[in-house]
2 protein chains.
Amino acid sequence: MLNDEKINAALPHKHDEIEEKLLNDMPSDDTIRSVSGILKQLGDPSRLKIFWLLCHCEECVINIAALANMTSPAVSHHLRLLKSSGLITSRREGKEMYYKAADTEMASSLHLTIESIADISCPN
Amino acid sequence: MLNDEKINAALPHKHDEIEEKLLNDMPSDDTIRSVSGILKQLGDPSRLKIFWLLCHCEECVINIAALANMTSPAVSHHLRLLKSSGLITSRREGKEMYYKAADTEMASSLHLTIESIADISCPN
DNA sequence: TTAACAATTAAACAATCTTTGAATTGTATT
DNA sequence: AATACAATTCAAAGATTGTTTAATTGTTAA
């Protein structure tokens, strides 16, 4: 309530009253940063393609590069980003590193979102 | 099947066989671009904050700027991007332009996704 | 028609990100 | 040990993007 008054007072225009609910539910800057950070990972075509691939199979870097039409260093770079976001995991087998989508609620939820957006925006 | 052989032949390493399903369901580059384009919009903290706000209320530019701690030109810039992606709509009332989330499956689906990611990654 | 305000546009700058090719590390094989 | 191959790292180039300030457009009211 103290907070409400502060924010409402800060608003240049007072139109319809902003409900307490909205102000209370407003995500913190940390939350915003965290969520946008995740979405930014999939906001790049190369990474989205790689992530989609790794949602459907486990593959080594060379094959990922071949399937995504990219060089190995470029793939490595994106794999590192995806991995440090917790969206994929890796395992070594001999000379090769195998990558796949992480077995987490986040990864599977994003996978569903991607398929859903694809269905909505590209109804083929 | 012709396609399978082509792609499998292009794979440097042949591990487990890649099923036809995967190859057939593989999104086209256009689809990848389209989906990543949408996600990129919300991959920026400023735009995510604005979009979240506009999912919960309709507001004029000045108030959006105040709530998001941004300048008017910056807000205008992001509003234009969100609008040309079809995620928000606008209407004029006197001197003011009011923006809100678009009344589409895409917008409401993304809204759900955002809240879901926030819940998973920031369990407060 | 002027004045005041809301919103957008434009240009410049800073920052970030993606890609590339060369060099390096790590692993297995001979 | 030496070789071969997979993967990563590194430095640099090129491209994209976000933010800022100033100028401009559009709308209302005096």
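The figures here come from the full heavy-atom set of this structure, side chains too, leaving out hydrogens, waters and symmetry mates.
For the pair B:Leu82 CG and D:dT17 P, the computed distance is 14 Å after rounding to whole Å. Following rounding to the nearest Å, B:Asp44 (CG) and C:dT16 (P) show an atom-to-atom distance of 12 Å. Following rounding to the nearest Å, B:Arg80 (CZ) and D:dT19 (P) show an atom-to-atom distance of 13 Å. Atoms CD (B:Glu96) and P (D:dA29) sit 11 Å apart, rounded to a whole Å. In this structure, the CE atom of B:Met70 is 15 Å from the C1' atom of D:dT21, given to the nearest Å. Atom-to-atom, OH of A:Tyr98 to P of D:dA7 comes out at 8 Å; the value is rounded to the nearest Å. For the pair A:Lys83 NZ and D:dT8 P, the interatomic distance rounds to 8 Å; values are reported in whole Å. Going from atom CG of A:Leu79 over to atom C1' of D:dA7 covers 10 Å, rounded to whole Å.
Checking side-chain atoms of A:Ser85 against main-chain N and O of A:Leu81 turns up a donor-acceptor pair under 3.5 Å. Put simply, the side chain of B:Thr31 never gets that close to the backbone of B:Pro27: no donor and acceptor are under 3.5 Å apart. A donor-acceptor distance shorter than 3.5 angstrom exists from the side chain of A:Arg92 to the backbone of A:Gly94, with no hydrogens or angles considered.
At least one side-chain nitrogen or oxygen of A:Arg47 sits closer than 4.0 Å to the OP1 or OP2 atom of C:dT18. Using a 4.0 Å cut-off, no side-chain N or O of A:Lys40 falls inside it from OP1 or OP2 of D:dT17. Taking 4.0 angstrom as the limit, B:His78 places a side-chain polar atom (N or O) nearer than this to OP1 or OP2 of D:dT19. For D:dA6, neither phosphate oxygen OP1 nor OP2 lies less than 4.0 angstrom from any side-chain nitrogen or oxygen of A:Tyr99. For D:dT21, neither phosphate oxygen OP1 nor OP2 lies less than 4.0 angstrom from any side-chain nitrogen or oxygen of B:Thr71.
Listed nucleotides: C:dA7, D:dT20, C:dT19. Nearest to the side chain of B:Cys60: C:dA7. Closest to the side chain of A:Ala74, from the set C:dT20, D:dA7, D:dT20, is C:dT20. Checking C:dT9, D:dG18, D:dT8 against the side-chain heavy atoms of A:Ser72 singles out D:dT8 as nearest.
The pair A:Arg91-A:Glu58 meets the salt-bridge criterion, with a side-chain N (NZ, NE, NH1 or NH2) lying under 4.0 Å from an Asp/Glu carboxylate O.
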Next item on the list: Report the C-alpha distance between B:Thr89 and B:Lys83 in whole Å, list the side-chain angles of each, state the deciding distance to 0.1 Å, and finish with yes or no for side chain to side chain donor-acceptor pair (under 3.5 Å).
Entry: CA-CA 6 Å; B:Thr89 59; B:Lys83 194 179 174 187; over 6 Å; no
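Taking for each of B:Pro73 and A:Glu93 the nucleotide of DNA chain C with the nearest heavy atom, the 5'-most of the two is the partner of B:Pro73. Across the interface with DNA chain C, nearest-nucleotide mapping of A:Lys95 and A:Leu81 shows A:Leu81 to be the residue nearer the 5′ end.
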